[in-house]
Every structure is written in C-alpha cells, then in structure tokens.
Amino acid sequence: MPQMNMLQAINNALDTAMAANERVLCFGEDVGIFGGVFRATSNLQQKYGKARCFNTPLVEQGIVGFANGLAAQGSVPVAEIQFADYIFPAFDQIVNESAKFRYRSGSLFDVGGLTIRAPYGGGIAGGLYHSQSPEAYFAHTPGLKIVVPRNPHQAKGLLLGAIHDPNPTLFFEPKRLYRASVGEVPDEDYRLPLGEAEVIKEGTDITVLGWGAQMEVIEHAVERAEKEGISCEVIDLRTILPWDVETVAKSVLKTGRLVVTHEAPLTGGFAGEIAATIQERCFLYLESPIARVTGMDTPFPLVLEKEHLPNHLKVYEAIRSSVDF
Amino acid sequence: MPQMNMLQAINNALDTAMAANERVLCFGEDVGIFGGVFRATSNLQQKYGKARCFNTPLVEQGIVGFANGLAAQGSVPVAEIQFADYIFPAFDQIVNESAKFRYRSGSLFDVGGLTIRAPYGGGIAGGLYHSQSPEAYFAHTPGLKIVVPRNPHQAKGLLLGAIHDPNPTLFFEPKRLYRASVGEVPDEDYRLPLGEAEVIKEGTDITVLGWGAQMEVIEHAVERAEKEGISCEVIDLRTILPWDVETVAKSVLKTGRLVVTHEAPLTGGFAGEIAATIQERCFLYLESPIARVTGMDTPFPLVLEKEHLPNHLKVYEAIRSSVDF
Amino acid sequence: MTTTKSKVVYNPVFTDGAEFRIPTFKLLKQDGSLYKGAKAPELDKDKALRIYRAMVTTRILDERMLAAQRQGRLSFYMQCTGEEAAVIGSTAALDDADMIMAQYREQGALTYRGFSIDEFMNQLFGNELDYGKGRQMPVHYGSRKLNYMTISSPLATQIPQATGYAYGQKLAGEGHCTITYFGEGAASEGDFHAALNMAAVHRVPVIFLCRNNGYAISTPATEQFAADGVAPRAYGYKMDVIRVDGNDILAVHEATKEARKLAVEHNRPVLIETMTYRLAAHSSSDDPSGYRSKDEEAVWREKDPILRMRLWLERKKWWGEDDEKQLQENMRREVLETMKRAQKRPPPALDTLVSDVYDEVPPGLAEQFDKLKAHIRRHPDEYPKTAEQAKGGA
Amino acid sequence: MTTTKSKVVYNPVFTDGAEFRIPTFKLLKQDGSLYKGAKAPELDKDKALRIYRAMVTTRILDERMLAAQRQGRLSFYMQCTGEEAAVIGSTAALDDADMIMAQYREQGALTYRGFSIDEFMNQLFGNELDYGKGRQMPVHYGSRKLNYMTISSPLATQIPQATGYAYGQKLAGEGHCTITYFGEGAASEGDFHAALNMAAVHRVPVIFLCRNNGYAISTPATEQFAADGVAPRAYGYKMDVIRVDGNDILAVHEATKEARKLAVEHNRPVLIETMTYRLAAHSSSDDPSGYRSKDEEAVWREKDPILRMRLWLERKKWWGEDDEKQLQENMRREVLETMKRAQKRPPPALDTLVSDVYDEVPPGLAEQFDKLKAHIRRHPDEYPKTAEQAKGGA
Ligand SMILES: Cc1ncc(C[n+]2csc(CCOP(=O)(O)OP(=O)(O)O)c2C)c(N)n1
Ligand SMILES: Cc1ncc(C[n+]2csc(CCOP(=O)(O)OP(=O)(O)O)c2C)c(N)n1
Ligand SMILES: [Mg+2]
Ligand SMILES: [Mg+2]
C-alpha cells in the first residue's frame, strides 16, 4: 500500500472522487492551477480542466453560496475554505442555508452533495487567525454533518464518505498533521462511515475521547498513563455531528470515567455537549466527574500557544486526577 | 412607577442612554423614522436627529462592521439586527472582529462601546427564520458578553448595563414578550450588573435554570411542581457569557438537582455547557442527572411549533423525573 | 499584472459615473398603446393571454388572501401587487425548464408556470399537502416540478446560489439558465456582490432580476443607496445590464428574452433592473402610513401594470369586457372554494417534525422524537392536534 | 418611489460599461521627469524627503526581515516591495491625525508616520514590548499614537469598520478622515460592498484605497473580476473614484490629497485604485514561480517606484549619491542592531495569555489561569519559558 501524508491522502481522495463522477467539482481561493495554499488540490485542474477545478474570487460567502446552488442543481461540489478561521463570512450560507435546505423544502430540494473542506487547528504558530477549531460553532446546527480525520488513512476514507454522503458536510482537516502524519493509504475508492466513532484502543479504567490532531496528543498522554498502570480506552469521535452517543456511552458504562479533549476554548466547546449527554446517560456509573481538557477561554494566542493548548501533559493529568478522584 | 411593556422599556433605555451621552447612536434596518419593525426605536430619530438614529442599508455584515469601527473610534453604537435569525451574515464581524479587537491589539484599541440588539425566540408562528435562539453560537467566543432579559424591568436595566459595559455585548430580546410582558419600570437611569445570575425564588429540592422568555415557562412549571410539594429554586442566568458559575453551583450544592431549559436545539446548546460545568463542580452532591429541556435537534418548525418547544409541561416533567430519580 | 488598458490623464479627475445614466427601456404606454418608435414585440396571443391570466390570478389571490389574513384565517401574507409585470413578464420570457430562485414576492412567476390554487393554499395553510410540510411561514412556496426553488427568508442568500445553480446548468450543457429575483433592499447584502462578481468571472448563464420597488419595508431606496438605482453596479462587474419600466409587461418580456439569449447562447450573465413600486404594504404585518404618503401611492396606482396590459390586449382585440368578467369571477370563486378546502385539511403528520433534517433521522433525533411521543401520550389533552398520532411507537 | 431620472429608450440596449473606461492618472515618468502636460505637484523638499526616506526604510526593512525569516529567526514575513509609492504616497497626503485601517502590506504607512524600527521589531518578534503582546503573527502592527489600527488577518473586515470610524469622525467634527487600504483580492469580499455603499449613503469622510497589485496569493486579477479593475465599482455606489499609477509617488500623493478634500470638506467618500504590482512573493510562505513568470516580474521591476522617486529627487537636486549611501548604510545597520536587541528581549508575561479578553479577567478565566499556573508549577521543565512566572499565585 502506498505511504502518503495527510495532504496526499486528501488530494488522492479528491482525485478519486473526480475520476469516478464528473459532477464532482473542487473550487476555492487559490485551488486552481496553484493547487491551494497547502497544495491539497494539486494537479486537479491540470487533470480535470478549469471547469471542474478552479480559483474563485476571494469571497467565502460567495464560495459557499455558489456551492449551495451547485449542490441543489445536482452537482457534487467540494468547496475549500483556505483556513477554518475564514469560514465565518460563510456562516449564514452554511447555518441558515445548507443546513436547512432540505427541511424547509420538505425534501423538494436539498444540498446533500455539498462538502466544505477547511484546515483547522493550532500548533503552527498561527496566532488568532490561523489556528482556530470552529467545529462547535457548527455543531449546534441540525442538518449539517461535521467530520474530522486523525490520520491519512482516515482522511481519505472519511473525505470520500463525506463527498458521497447525501447531506451537507463540513470536513475539518488538522493542518498541523498535513505533512507530519504519514501512513499507508489504499489507492482505491474506500469510504468510511459518517456518524460512527472508533474505539482505537480498548481499556477498562477510563475513556479518553477526542478527534483530529488531538488524537495524537491523547496517544502520548495515554502512553504515560498506561505506564502508571491506568488502562485507557481511547475513542476517536470522527464525526462531531451527528455524534455517536452509543459508542461513547457504552465505553463509559464500562470504564466509569471520561476525559474529553479539544483545542477550541472550553466554554461552548463540543466537550460540553458530550459531558452533558454522558453524565445523563451514565449517571449511576460515573466514578468521577467528566473532565474537559481544552484550549483556554481566550482568542488563540501566539507566543504563549504552548501554554494555551491542551497538550499531552494536561490530558495525562486529567486522566490521573479522574482516576485518583 | 410607570407601567411599561418590554418594548417600551427598551425604547426607554435607549432614550435614557441617548439623552445622557451624545456619543450613543442607534441604527439598523428600519430603525429610523419608522422606529424599527417592532418599534423599539420609536421616536428616537425624531428626538435625537438623523445623525444619531438612522436606517442603514440592508446588510448585516455592514451594520456590525460599521458599528465596530464606530466603537473603535470611541462612539457608543447600539446596532439593531432585525431578527436574531439574520445575525449570521454578521457572524464574522462579531466573532472574529468585535470579540478579538481588544486582545489582538493588546488593548491599544477596543470596541467596548458596542451593543448589538436582536429579537430572538419562538412562540410567534415564525417558522425557521423568525424564531431562532442563537445565543449558544456566540457563547463559544471569549471576548463577547451575551445578555438576555426576562421582563421589562430587567430589559431596561440590563440594556443600560450592556450599553455602558466596556465590552462588546449581544443583547437578545425575547420578542414573544415584547408586548406580552408588562411591569413597573423606573424612569431613571439604572443599570443592572452583567455576569450575575439572579435567584428569583429560593427552594431546596431542585434548581431550575433558564433565561429570557423561558423564565415564564419555568414559572408555570414550578408552580405545578410546588403544588406537588417540590421546593424549587429558580435562577435566571441573565448573562450567558461570561456566565455566573458561582451562583448556579452554590444553588446546586444545596438542592442536589438541576434542570436547565432553553428554546434552542439540544445539541450544542448552552445547557450543555452548564451541565458539563456543574457536574464537575457538584459531582458528589448531585442526586440525579442534570436534565436539559430544550428545542429538538431540528430547524425551527411552524405548524408543530408547540410540540417542538420546551414548554412548561416538559419542564415540569423534567423536574418531576429529577426528583423521582 | 494589471488588467487595465485605460487611457492616461495628467490631472486628477474624479468621476462618480453620474454622467453614464443607464436609460430605461419602455414599450407600452399606460393607455395600452405603444410608444412612438417602439417596435411591437413578438408575443403571440396564446402567450399574451397566459401572461395576462397569470397577472389577474395573482392580483385576485393577493387580495383574497390579504382579506383572509385580516379575518384571522391566515397568520401572514405578502402581496405582489403592483409588481406583476416585472415578475410575470420576465418569467414568461424564459423556458419553463429554466430555474427560478425568487425572494418571496414573486408568486406571479408560479401562477404563470401553472402552480394551482390548491398548491398555493396548501402552503399558505401549512396543511398535510404543503410540499414544505408546514414548516415555513406563508408565501414560502416551492415547486420541483415547476423549477421554482423553495423560498428562504434570509435575504439575498439565493443570489449566489443562483450563480452556482446556473454554473451547474452550463456544465450540463442542456441550454438552461437560472433567473434570480430580489428586491433593491436585498441587493445591499454582501451575497449580492459575491454572486454578480462570480457570475461575471465564470461566465455563468444567470439572470439577476432586481425588483426596484422603492422600499425595503420602511426604508426608501434613497436611504438604501446613493446611486441611480441598482443597475450601475453591473459596470463594476463588467456585466450586461438593462433597466426596464417594471410596470411595462412588453418591455420586461422583451428585455428578459434578450437577456436569456445573452446568458444561454453567450454565457453572459445579465442584470435587469425593473423600476416598479410596491403598491401594498410590505406584508400583512406592516402599515406603510408611517413612512410614505398616500399621494405617492396614488401616483403609482395610476401606473397599474395589469390595467396597462389589459388595454393593450383590448386594442389587439384579444380581450374584452366579458373575458375579464368571467376570469375575475372564476378566479374569485376558485380562490374561495380552494381556501375552504385547504383550511379544512389536517396539518402535516407529527413525524414531519423530525424528517428531512437529514436524509434519514439520526439516532439522537429519533430518541428525542420517541420521548416527545411518550410525553404527548401522557398529556393528550394538552396536544389535541397530535395526540392521536403519538399513540403507538416506542 | 424610484430614484432614477434616466432617459427613456424603446429598444432593449444592454451595456456593460466597457465604454466608460476610467483613465489612469500619472505624473512621473520612470526616468524621474514629469509627463508633458503634468503640472508639478505641491510637495516641498522636507515632505518629499520624509516620503523618500520612508520608502527606502520600508524596502530595507523588508529585505532584511525576509532574510531573517529565511535564516529561521522569524516565523513569517510579508513585504511591501513594489507598492511603496501606493502606500506611502497616500499616507503622506493625509493629516497625521487621520486614521489608517490597513490590510497587512502597508508597513510603509507606519514608517512614514514614524513607527520606529524598535517598534517594528518588537511586533515581529512578539517580545514583551510588542504592543500586541505577542498574540498575532508578524506584520500585524498597530499604533494608537500614530493612528494606525492594529492589523487583523480576516480580509476586508476593516473596510466597513473604516466607514464606521469615519462616521464617528464626522460627528466629532474635528475635520479628520479615515483611509482604509486593501488588495484587489480583498475587494471581492461582501464587506467591501457593504462598506462602500454605506459610506456613499451616509456621506462619510473615508478614503478606500485599493492596492491592485495583480494577485491575491496565486490568483491573478483576471480570475478575481471580469471588470477593468476595481475602480468601476464606485459607479455602482455613486462614489467619486480615481485610478492612479500606483508606482508614481507624485500621482498617488496628489490624488490622495484631492480625495481627502472631497472626504473632509464635502463628505464625499472616495475610491482610489492604485495600479501596482506585488514584486515579492505573497509572503515568506509563498513561492510565486508556481503561478507567474519571471518575465512578468521583470517588466514590473523596471517600474520600481523608489527608483522613480529618487530620480525625481535627483533632478530637483534634493538628493544625491552620498545621501543615498548614507541612508542605506544607516538603515541597514539600525535594522540589524535593532533586530538583535528585539530578539533578545523576553516574551510577554504569562498573564498576557488571559488579559485583554475583556476589560477585566472574568472569574471563569481567572480560574483557568490559576489551574494553568499550578500545572506549570508541577512541570517546570516542560515550560522552561514560563515556569518562573508561574511561581506564586493560587
Ligand atoms: C438577511 C435578512 N435581513 C433582514 C430580513 C428582514 N426583511 C425581510 S424583507 C425585508 C425588506 C426587503 O426589501 P427588498 O429587498 O427591497 O424587497 P421588497 O420587500 O421590497 O420586495 C427585510 C429587511 C431578512 N429577511 N433577511
Ligand atoms: C477572509 C479571509 N479569507 C482568506 C484569507 C487568506 N488570505 C490572506 S491574504 C490573501 C490574498 C489577499 O490578496 P489581496 O487582497 O489582493 O492583497 P495582496 O496580498 O495582494 O496585498 C488570502 C486569500 C484571509 N486572510 N481572510
Ligand atoms: Mg424593495
Ligand atoms: Mg493583490
């Protein structure tokens, strides 16, 4: 199986989808001849022509509005937003339009073919506006699906899953891992299911849950905890909306403890939703409070990024405290 | 003391603020000569002139962008968004700009003078786009304050509090109560504190928490529960961000039970944040799972609005179940 | 790399474009005769009558439904009154297979395409036959079969969507285009700018039709923009533009026909600004007396587009007093009868609360729905309309 | 109520404005002489030299800092190279008390206003003296004292803010205005449209200065808009517009001076499009060889705005070889020395992580901060830069 980094896996997924269906289109700022500022769409214009892979003017609300229209028409647009921090000008088109298109028309029309890709997350010295993790802003919106992959294999399979899913899907890519994460990626068209969390590692003492780049952080934290004899069950949520309550609840019923971690600020972050749901589901089984390890309630900083981020040490400490509670 | 409905109280607050400080300005779609589609700005143009109270072109991102600039300049803009459902085109200006203005400039500049008013909420046969409660979309944004009043007296005092608060503030007005809620409102300039929840009624068995129009729903539910001998402590959160953890935690430490209710959909709603925080704070004191009574995870419906909304019966049942757990 | 090949000047000259006033295209005088020099448009009798019937039907529907709203039978209504020519004249110039993405005041387009009174009523009353399943406020129509995109309340969002839709049509290569309607108020939204610019850059077969009816709720066009209407914005995107007397059915039809050619045959998007007037209140919730004068309204009432067309038809001997009487009576009767029928129909089923959020109801929502049904079963008296349906199930 | 008083036509004529090409204003030839017919601008020696020094300083700063970035001393950098005349010429035409709201490539404006090399370096290295407290990426400068709004990365957001700021200035009545700078790419954002329209409607003293430098990262202006630049958009808002050779310091200065008069004395907002070229890469992260040719770059290198001004100064005998050599040497030295100093300074204090989110640290955040400090105290080795500061406290 070929080795790919995450960008190559994403590029390969787009290539696969475009080859299989001529209605699949890729567009966004700089995605044309240049292949995107991260090169995720490299060579696609060269291969599929300017009509199917192209630069748009610099206007996110237009990109998503245009994509909504295309999807309603029956095309399968994959729109890129250059950084997740710049998705907010398109917020109305996503939250009021993409998400509600099917419901408001009673399924006369839908934008199920729509996928929006955007690189997210910190750890690259990006400061306020090249670091945000906005998944929770969208997770309050019935009608959307939200997916975050953790490695190249997942990225290709989940992106193909998202493109083929008959619902509008946001696909947030952990840009810190774009080149850092390398692994085996099948060449063929495979699709991972949306809405299913994955138990990556079984354990008995505590459940540790995250998504995207945070899975690597969890891995390190868990390594340390296991050395101290704590058996951790590790879950990658993968789909933030609609999320897989069953898998998480089942795990916590077994372990009695839960740590959830994400980069976004604490307040209003998606860990809150998870904690609220799980404390209800597993009330009598919980042996300690559900812990959230997250970014702080500030805009994303630069010089003090390390202090701000929920690194493996902080996750480890949360595991330790939970077990020692 | 004069009797006012909530619209009159809001109008009176704006009048009070404009009279006291000539840098206070009110603007938005139709807020000029017409006084706004709900008439919250009635007579302000007549009284303070077109330069200080005026119609804007129909562009929410422009309204808030303009307001951000005005606030940075030292003015005290009170911008109206005609319905909270239409605040999303301004999402970027609010979340990336208003909220981060001070932090990113190291306090060289700030938009502390900014207040954004918007009518929110259901129960008026408004369907998808005249019913939303978007507070949670903003509550994930450090740097913003979010306030929701429950009655005319609170509306005036909190709005004056918001206008004078040195931070950008979103002020969501429960439009269902605009004319329905009537009460005594002092004529003078009084300001209620931001960031403080209010214990409206003390009780010992369970804490019931909400904000805005939902407080009326809670009142009915609690009435019924109390008839059955359940002693309820009722809290109006008032400020959603930054929220008053202490007051809520103190109450739950006493009662051991918590029901939180809001109109917005369950997933990603602010009740999740509250439940997550309180289960951590009060873990050993909780006698039953924290319950959330909310809108369903769908866009806002029309004909079946009653079924969708978290009415007093649903809140009552949640109280009952919590106590019977 | 600059794109400009403009000439050079050595003095700082500022211009605001005021000298380039875009003219207004007209054909039909209010008395039903053509302007001198106006070429008679190609419009055969069948089509002319189809247009006229749609105009009258729209007017009657609007009058009746506003009355119904006043009687409390309906929660909300919006009239097309005064703008029938702008809407119907343009729709009639298209192929029925072209896509329409409207704002909300374009029921005339639907009438023209053959949306039945039943279909209107089902939406207005949100009954079980409403395609939108009773989820949206009245006047949020949609029809897949008639290529009329379901209306969405947030203004201007449909404009860039129309650009995208039309881009898809261009790729499909079947010779179709999209028209999108919007008010001069909605044209202030950022989405408008995005839509026109993208359409011009990507040479998309889309027609942007602005109904400049003078007001956005209470806000007069003079407080909406400083320019001479919306038309001059086309220059900023290098887009073909035409301004038309929006109360002149022949001019609107002719302009749109030509615009469609530019769009479909030459991939040139077009902006059409129709100059018209919102004769009624903004909606049933609005009272215009707070922001405009009766005199101003009277001036425009004199320019009624339906009467103007009728006079033209009469001159052509295509229409007479009797035809008019019969059409009026038939339509009034049909509207009333249909209204009664629609109002009696049951509301959409309880499970439409949770369907269509996604292609399938996800587990979490299914669970919420089960809980709701159980709740209703415990309190059937509190939910008289849905108690029966909550029986059975989990 | 329509606002148009346009003339009437009886044929459907479509126009796209192509015939109304906006000319380009120029004064200075590349050899430093004035065009025939060009009136010598009023620019005294002091001001001319202040401008020229700012241009050279900006160029040297850019060269050195890009090199520093290449050496790994700096994480990121963006150059103004090629656009110094557009930026500095316009800023110099304003009053120093006027507000500047820039995009990110306008360090020249700061240099002109007197931002010291120290101040630049403190921001670039995010040290304890950075006004922005090390929170933003390099080049996100701001200065309260110099009326230069702190840069924000999201594009075009500053444009409607400039309209609002200038509206406030108008009410204050002190005769000040705001200039906002942006690229031709950013002008595609919805915020641009909102800003210009609102400024025109409310007659706000704001100058919108577009740096049309041909590219938005890799996207050429030809894929950004179909029109002849950004200038024609002004017509859509009935705003005064002028197009200027952006590499011609005299023309830019003159145009902006006149624009400022229109803005401040007549409350007429103005759009200025400066035609220029981004000679360097978009940023230190970019490599233009993937999307444009060396030949194209070479053409523009010939039009260097700094050299052009120098030749003019030399013709005026205001500047000579020695002056140039001294300035270059002094600036190079100052930049290098200052860089060393700035790089050695400690980072902002740990508590800047939580200050300035609100006017005061709210209780929840204070608690998070206490937890963080406790965490750091438990793992001092993992946080070598902040461990010391985490001592003490809760
Ligand atoms: C984004 C958004 N903002 C505000 C509104 C509220 N609103 C509904 S209609 C309207 C006025 C629209 O005026 P115009 O576009 O001129 O259309 P007209 O009603 O005149 O046909 C407003 C402000 C809305 N629906 N959507
Ligand atoms: C809202 C937003 N979208 C995208 C970006 C990413 N981005 C940064 S600079 C840039 C190109 C800007 O081009 P232009 O406005 O022409 O300015 P120039 O760099 O040429 O000076 C892009 C796409 C951003 N910063 N903000
Ligand atoms: Mg209008
Ligand atoms: Mg550029």
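Letters A, B, ... are given to chains in the order of the sequence lines, protein chains preceding strands, and every chain is numbered from 1.
In this structure, E360(C) places its CD atom where only 12 or fewer heavy-atom neighbours from other residues, nucleotides or ligands lie under 6.0 Å away. Around atom NZ of K254(A), more than 12 heavy atoms belonging to other residues, nucleotides or ligands sit under 6.0 Å away. By the 6.0 Å contact criterion, CD on Q46(A) is enclosed, its count of non-hydrogen atoms from other residues, nucleotides or ligands being greater than 12. In the displayed structure, Y190(A) atom OH is contacted under 6.0 Å by more than 12 heavy atoms of other residues, nucleotides or ligands.
The CZ atom of R144(C) lies 7.5 Å from the CG atom of L108(A); values are rounded to the nearest 0.5 Å. Atom CG of D356(C) sits about 7.0 Å away from atom OG of S105(A), to the nearest 0.5 Å. Distance check, rounded to the nearest 0.5 Å: CZ of F109(A) to CE of M101(C) gives 8.5 Å. Atom CD in Q161(C) sits 12.0 Å away from atom CZ in F66(A) (nearest 0.5 Å). One finds the CZ atom of R104(A) at 12.0 Å from the CZ atom of R135(C) (value rounded to the nearest 0.5 Å). With rounding to the nearest 0.5 Å, the separation of CG in D359(C) from CG in D110(A) is 8.5 Å.
Heavy atoms of A72(A) lying under 4.5 Å from chain C belong to its backbone as well as its side chain. P363(C) does not touch chain A: none of its heavy atoms, backbone or side chain, sits under 4.5 Å away. Contact of S75(A) with chain C is made through the side chain alone, with heavy-atom distances under 4.5 Å. Interface residue S355(C): only backbone heavy atoms are found under 4.5 Å from chain A. Heavy atoms closer than 4.5 Å to chain A are found nowhere in S153(C), neither backbone nor side chain. Looking at V201(C), the atoms closer than 4.5 Å to chain A (heavy atoms on both sides) all sit in the side chain, from C-beta outward. For I151(C), the part sitting under 4.5 Å from any heavy atom of chain A is the backbone (N, CA, C, O) and nothing else. Of the two parts of F192(C), neither the backbone nor the side chain holds a non-hydrogen atom closer than 4.5 Å to a non-hydrogen atom of chain A. No part of K100(A) comes within reach of chain C, as not one of its non-hydrogen atoms sits under 4.5 angstrom from that chain. Residue contact with chain C, scored on non-hydrogen atoms closer than 4.5 Å, involves the backbone of L144(A) exclusively.
Scanning all heavy atoms of the two residues, the minimum distance from M198(C) to V59(A) falls at SD-CG1, 4.3 Å. Smallest separation of non-hydrogen atoms from A194(C) and G62(A): CB-CA, 3.6 Å.
Relative to the ring axis of Y358(C), R102(A) does not place its NZ or CZ within 45° and under 6.0 Å from the centre.
Ranking I63(A), L70(A), D165(A), V111(A) against chain C, the residue ahead of the rest is L70(A), based on heavy-atom pairs under 4.5 Å. Of the listed residues (M99(C), Q169(C), H202(C), K145(C)), the greatest number of heavy-atom pairs within a distance under 4.5 Å of chain A belongs to H202(C). In terms of heavy-atom pairs under 4.5 angstrom with chain C, the leader among N96(A), N167(A), N68(A), D92(A) is N167(A). Between chain A and the residues G142(C), P348(C), G190(C), the largest count of heavy-atom pairs under 4.5 Å involves G190(C).
S152(C) and E97(A) share a donor-acceptor pair across their side chains, judged by distance under 3.5 Å alone.
With sequence neighbours excluded, no residue forms a salt bridge (charged side-chain N to carboxylate O under 4.0 Å, His left out) with E60(A).
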- Decide side chain to side chain donor-acceptor pair (under 3.5 Å) for Q61(A) and E189(C); before the verdict, give the C-alpha distance in whole Å, the side-chain angles of both, and the deciding distance to 0.1 Å. CA-CA 11 Å; Q61(A) 63 192 110; E189(C) 292 282 6; over 6 Å; no
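Taking the six-membered ring for Trp and the full ring otherwise, the centers of F54(A) and Y167(C) sit less than 6.0 Å from each other.
Under the 3.5 Å distance criterion, the side-chain polar atoms of Q73(A) are left unmatched by any main-chain donor or acceptor of A166(C).
The pair R281(A)-E367(C) meets the salt-bridge criterion, since a charged nitrogen lies less than 4.0 angstrom from a carboxylate oxygen.
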